[in-house]
**Student:** 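Sharing a structure below in structure tokens format, with a few things to ask.
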Amino acid sequence: MHQQNLQSLYDYLREAAVEALTGSLSFAPFGAAIRQSGEKTHLAADLLPQTSVPEDHIAGIIAALRQEDQSVGLIAAGLVFDTQLQSEAGPVAALGFHIEVSNGDALQIFQAYQRPDGVAVVLSAPELQPVYPEIFAAPA
């Protein structure tokens, strides 16, 4: 069940990120969650882009997801951000995902992308690595 929730949330975030990138150069980080009721929610930090950086958005999203977990209970939560990866040819555009399930399993996923025609987004294979939970972990 946990694997299914991770996959479902990753699919949702990936599709929403590709949609946000289509016709745009980048996007502010945003998150999503699956409530215990099975309902999916979408959220973003309400920050002014002129006075904030992606890290501010990510911290706000994590705090909002923790609060939502305390108030209604979540079974999975995560976020996505636009980033860059280093390759042999230099920096490449990528999507970064941080996804967790309530049992403490957490994954970081990076997926490079290209825009061969300048508009459509073509994703490469995802690179996964287990990480420590930040959403379902007790705040430091």
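Values below: every heavy atom of this structure, side chains too, minus hydrogens, waters and symmetry copies. What you see is a predicted model, and the numbers here were worked out from it, not measured in a lab.
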**Student:** Given the rule in the side-chain contact (heavy atoms from CB on, under 4.5 Å) test, do Leu13 and Phe30 qualify, once you have shown the distances and angles that lead to the verdict?
**Tutor:** CA-CA 8 Å; Leu13 287 168; Phe30 60 88; 3.9 Å; yes
**Student:** Please round to the nearest 0.5 Å and tell me the distance separating atom CD1 of Ile62 and atom NE2 of His98.
**Tutor:** 6.0 Å
**Student:** Would you say Leu21 and Leu95 make side-chain contact, with heavy atoms under 4.5 Å?
**Tutor:** yes
**Student:** With distance as the sole test, does Glu100 use its side chain to make a donor-acceptor pair with the main-chain N or O of Glu134 at under 3.5 Å?
**Tutor:** yes
**Student:** Evaluate the criterion side-chain contact (heavy atoms from CB on, under 4.5 Å) for residue pair Phe136 and Leu74; output intermediate values, then yes/no.
**Tutor:** CA-CA 9 Å; Phe136 293 107; Leu74 301 176; 3.9 Å; yes
**Student:** Using the ring pair (Phe, Tyr, Trp, His ring centres under 6.0 Å) rule, collect all pairs that involve residues 4-26, keeping only residues at least two apart or in two chains.
**Tutor:** Tyr10-Phe97, Tyr12-His42
**Student:** How far apart are the closest heavy atoms of Pro133 and Gly104, and which atoms are they?
**Tutor:** CG-O, 3.6 Å
**Student:** Which heavy atom in Gln111 sits nearest to a heavy atom in Ser124, and how many Å separate them?
**Tutor:** NE2-O, 2.8 Å
**Student:** Specify the closest pair of heavy atoms between Phe27 and Ala17, including all atoms of both residues, with the distance to one decimal.
**Tutor:** CZ-CB, 3.9 Å
**Student:** Grab the two heavy atoms, one from Ala33 and one from Leu65, that are nearest each other, plus how far apart they are.
**Tutor:** CB-CD2, 3.8 Å
**Student:** For the CG atom of Asp105 and the CD1 atom of Ile99, what is their distance to the nearest 0.5 Å?
**Tutor:** 12.0 Å
**Student:** Any chance you could measure Gln3, atom CD, to Leu107, atom CG, to the nearest 0.5 Å?
**Tutor:** 7.5 Å
**Student:** What heavy-atom pair brings Val131 and Gln108 nearest, and what distance separates the two atoms?
**Tutor:** CG1-CB, 3.6 Å
**Student:** Other residues, nucleotides and ligands only: do more than 12 of their heavy atoms fall within 6.0 Å of CD on Glu39?
**Tutor:** yes
**Student:** State whether the side chain of Ser8 and the backbone N or O of Gln4 hold a donor-acceptor pair below 3.5 Å, judged by distance alone.
**Tutor:** no
**Student:** Are Glu68 and Leu43 side-chain neighbours, meaning at least one heavy-atom pair lies under 4.5 Å?
**Tutor:** yes
**Student:** So, for Asp82 and Ala94, which heavy atoms are closest and what is the spacing to 0.1 Å?
**Tutor:** OD1-O, 3.3 Å
**Student:** What is the distance from atom CD1 of Ile61 to atom CG of Leu79, rounded to the nearest 0.5 Å?
**Tutor:** 5.5 Å
**Student:** Which donor-acceptor pairs under 3.5 Å do the side chains of residues 83-93 make with protein atoms, sequence neighbours left out?
**Tutor:**
unit_1: Ser87; atom_1: OG; unit_2: Ala89; atom_2: N; d: 3.2
unit_1: Ser87; atom_1: OG; unit_2: Gly90; atom_2: N; d: 3.4
unit_1: Ser87; atom_1: OG; unit_2: Gly90; atom_2: O; d: 2.7

**Student:** From Ser102 OG over to Ile135 CD1, what is the distance, rounded to the nearest 0.5 angstrom?
**Tutor:** 11.5 Å
**Student:** Pairs in or reaching into residues 12-24: which pass salt bridge (charged side-chain N to carboxylate O under 4.0 Å, His left out), with residues at least two apart or in two chains?
**Tutor:** Asp11-Arg14
**Student:** Go through the steps for Leu9 and Ile34 under the test side-chain contact (heavy atoms from CB on, under 4.5 Å), then give the verdict.
**Tutor:** CA-CA 7 Å; Leu9 196 56; Ile34 302 173; 4.3 Å; yes
